[in-house]
Amino acid sequence: MRSVLLSVILLAASATAYAQASYDEIAASPDKAGSLYYLYPVSESSNTKAPKGYKPFYINHYGRHGSRYLVNDADYTAPLETLRAADKAGALSDKGRDVMKRLEVIWADAEGRTGELTRIGARQHHDIAQRMYKSFPGVFTDDAVISAISTTRMRCAHSMAAFCEGLKELNPKLYIPRESAKRYMSYMSNVTPQASEFNRWDGPAGQRTVEFDNAMSNPDRLMGELFDNVQYLADNRVDTKALMRQLFLIAIDMPNTECDERLDDLFTTGELFDQWRAINHHYYNHMSNPPSANGAVLDNARPLLANLLASADTMIASGRNGADLRFGHDSCIVPLLGLMKVDGCYGASDDPYSLHEVYADFKISPMAANLQMVFFRNKKGDVIVKLMLNEREVSLPVATDIAPFYHWNDLRDYLYNILSEK
């Protein structure tokens with residue numbers, strides 16, 4: 001009993017550390033300011049060996065699509081048009097004209113590709129699949145039962161294709177049927193009316209987000225570098241906070257593309273940290289565990305959790321080996337992790353100014369984020385499970401004497417109890 005309690009205490013402590021982010025962390029690794037655009041960190045865990053006699057036989061998986069371009073044309077063209085107009089008026093500085101030229105190159109690369117998977121994104125899923133195969137080859141026997149489904153977004157379907165290609169390169173005999181269809185959207189990309197109501201732009205949460213965005217956006221220094229004539233900004237009613245955010249979003253997405261241009265040099269560490277805090281708060285309200293939502297946002301993931309459990313029950317009952325592979329969005333995996341109370345993914349705060357002390361989105365859902373529930377069994381048919389988030393072992397608030405593994409009956413009861421709470 002003492003070992004079980006100690007493991008729970010230690011896991012709780014690690015969860016607190018995992019969830020935090022600080023100015024110093026962003027200063028040391030500026031790319032982490034990328035929020036949900038953070039490039040997938042290839043950082044595998046030690047992959048703890050299973051207890052004696054237990055062999056892997058099944059993986060229950062959910063993966064976010066890989067690196068992509070920004071979603072809308074206007075994400076690129078709006079700041080570019082602002083700088084073009086200022087240039088015609090003779091209001092740009094040398095730095096401003098340099099940034100405009102960089103944006104021209106960036107837009108030439110992104111035009112016609114907005115919202116789509118980049119080549120980097122495809123490689124991420126290909127390589128994750130191959131590491132999964134090599135870590136758990138017993139799952140991918142020639143007769144393995146494997147399913148692969150994605151949401152109807154092409155970036156998710158392309159992620160699925162790259163992942164399956166990675167597996168089949170290592171075992172061409174694998175049969176992996178793939179589907180991207182509306183019939184799966186009810187659990188692969190669910191948003192409840194209650195969650196939509198909570199995040200209305202004119203509601204309390206929406207207004208709190210707007211207010212915090214404004215507080216975190218201080219564009220005067222940046223505008224002073226880009227414009228020789230700052231009076232031009234007032235005379236032409238340029239929304240300088242919006243322009244700063246537009247440039248920031250392009251900057252944090254550039255590592256996800258193969259375009260060589262960058263914009264990170266535009267921002268100080270303090271500006272990166274503040275912009276990240278604002279975006280972290282925005283996504284937290286839309287995807288995670290704000291106390292004032294009373295669980296409404298996390299409820300988005302209930303159908304997905306139910307599918308994960310049903311899939312596991314079916315595979316275990318069949319006695320076969322295989323995997324269920326799912327490819328969707330941050331808006332699916334983030335509430336799923338919060339609903340399950342995976343360590344570091346369940347911070348609770350309605351205070352935007354201290355949220356970063358309990359919740360950091362880039363540690364939860366970078367591009368190509370993935371949850372792997374890896375199942376093992378022994379010759380007696382006893383089943384244990386471990387969870388891996390972004391290929392690192394993570395924990396849940398479930399007592400165990402075999403950490404980082406859980407007895408499936410205990411974990412199953414815990415997860416079904418979550419579904420029965422509402």
Side-chain angles (χ1 to χ4, degrees), residues 11 14 18 39-66 120-148 159-176 308 311-312 315-316 320-327 333 336-337 340 342-345 363-379 382-396 400 402-408 411:
L11 292 173
S14 68
Y18 181 86
L39 192 67
Y40 186 77
V42 180
S43 179
E44 298 173 81
S45 73
S46 58
N47 201 4
T48 304
K49 187 177 180 181
K52 185 177 180 180
Y54 287 86
K55 305 295 183 184
F57 71 95
Y58 173 55
I59 295 176
N60 214 358
H61 159 276
Y62 191 97
R64 182 192 179 194
H65 59 74
I120 291 173
R123 287 198 298 270
Q124 287 164 344
H125 278 284
H126 171 276
D127 294 351
I128 291 168
Q130 295 215 329
R131 289 192 294 270
M132 177 192 286
Y133 185 105
K134 292 172 183 177
S135 294
F136 310 107
V139 171
F140 301 102
T141 54
D142 292 352
D143 61 347
V145 179
I146 303 177
S147 71
S159 295
M160 174 177 64
F163 196 102
C164 294
E165 181 181 1
L167 292 177
K168 287 182 69 65
E169 284 176 359
L170 297 178
N171 184 356
K173 294 182 180 180
L174 291 175
Y175 173 61
I176 312 177
L308 286 166
S311 298
M315 183 62 76
I316 292 169
R320 301 186 67 177
N321 292 15
D324 286 303
L325 308 171
R326 305 166 186 82
F327 299 87
I333 193 170
L336 173 67
L337 297 168
M340 295 171 67
V342 172
D343 65 341
C345 305
K363 297 183 179 183
I364 299 168
S365 184
M367 292 293 185
N370 57 95
L371 174 67
Q372 301 176 26
M373 299 177 68
V374 187
F375 289 70
F376 304 73
R377 65 185 164 209
N378 62 13
K379 291 182 178 179
D382 186 53
V383 176
I384 62 174
V385 188
K386 75 170 177 178
L387 281 75
M388 302 182 76
L389 173 59
N390 304 329
E391 301 176 83
R392 296 192 63 83
E393 293 166 351
V394 289
S395 63
L396 294 167
T400 179
I402 51 172
F405 300 86
Y406 297 90
H407 297 283
W408 173 236
L411 181 55

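Treat the numbers as computed from the prediction; the structure is a model and nothing was measured.
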J.: At their closest point, which heavy atom of Lys173 faces which heavy atom of Asp142, and how far apart are they?
T.: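 Distance-wise, the nearest heavy atoms are CD-OD2, 3.3 Å.
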J.: Has the side chain of Tyr62 got a donor or acceptor atom that lies under 3.5 Å from a matching backbone atom of Leu336?
T.: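 Pair absent, no side-chain N/O of Tyr62 close to backbone of Leu336.
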J.: Side chains of Gln372 and Glu391: any donor to acceptor distance under 3.5 Å?
T.: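 On atom types as modelled, these side chains do not qualify, holding no pair under 3.5 Å.
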J.: Residues in salt bridge (charged side-chain N to carboxylate O under 4.0 Å, His left out) with Arg64, at least two apart?
T.: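 Asp330.
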J.: Run Asn60 and Ser311 through side-chain hydrogen bond (donor to acceptor under 3.5 Å, both in side chains) and show every step you take.
T.: CA-CA 8 Å; Asn60 214 358; Ser311 298; 4.8 Å; no
J.: How close do Asn171 and Phe140 get, heavy atom to heavy atom, and via which atoms?
T.: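 Heavy atoms only, the tightest pair is ND2-O, 3.2 Å.
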J.: Show the nearest heavy-atom pair for residues His61 and Arg326, with the distance to one decimal.
T.: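 Closest approach of His61 to Arg326: O-NH1, 2.8 Å.
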J.: What pairs of residues pass the salt bridge (Lys or Arg N to Asp or Glu O under 4.0 Å) test when at least one of them lies in residues 364-374, not counting sequence neighbours?
T.: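 For residues 364-374, and leaving out neighbouring residues, there are no salt bridge (Lys or Arg N to Asp or Glu O under 4.0 Å) pairs at all.
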J.: Can a donor-acceptor pair be found between the side chains of Tyr58 and Asp324 at a distance below 3.5 Å?
T.: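 Looking only at side-chain atoms, Asp324 and Tyr58 do form a donor-acceptor pair, the distance falling under 3.5 Å.
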J.: With sequence neighbours excluded, tell me which residues meet side chain to side chain donor-acceptor pair (under 3.5 Å) with Asn321.
T.: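 For Asn321, the residues satisfying side chain to side chain donor-acceptor pair (under 3.5 Å) (neighbours in sequence not counted) are Arg377.
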J.: Between Cys345 and Leu389, which heavy-atom pair has the shortest distance, and what is it?
T.: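 The answer is SG-CD2, 3.8 Å.
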J.: Looking only at the aromatic ring of each residue, does the gap between the centers of Phe376 and Phe405 stay below 6.0 angstrom?
T.: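 Phe405 vs Phe376: aromatic centres under 6.0 Å.
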J.: Applying side-chain contact (heavy atoms from CB on, under 4.5 Å) between Tyr40 and each of His125, Gln124, Arg123, report the one that passes.
T.: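 The residue from His125, Gln124, Arg123 that satisfies side-chain contact (heavy atoms from CB on, under 4.5 Å) with Tyr40 turns out to be Gln124.
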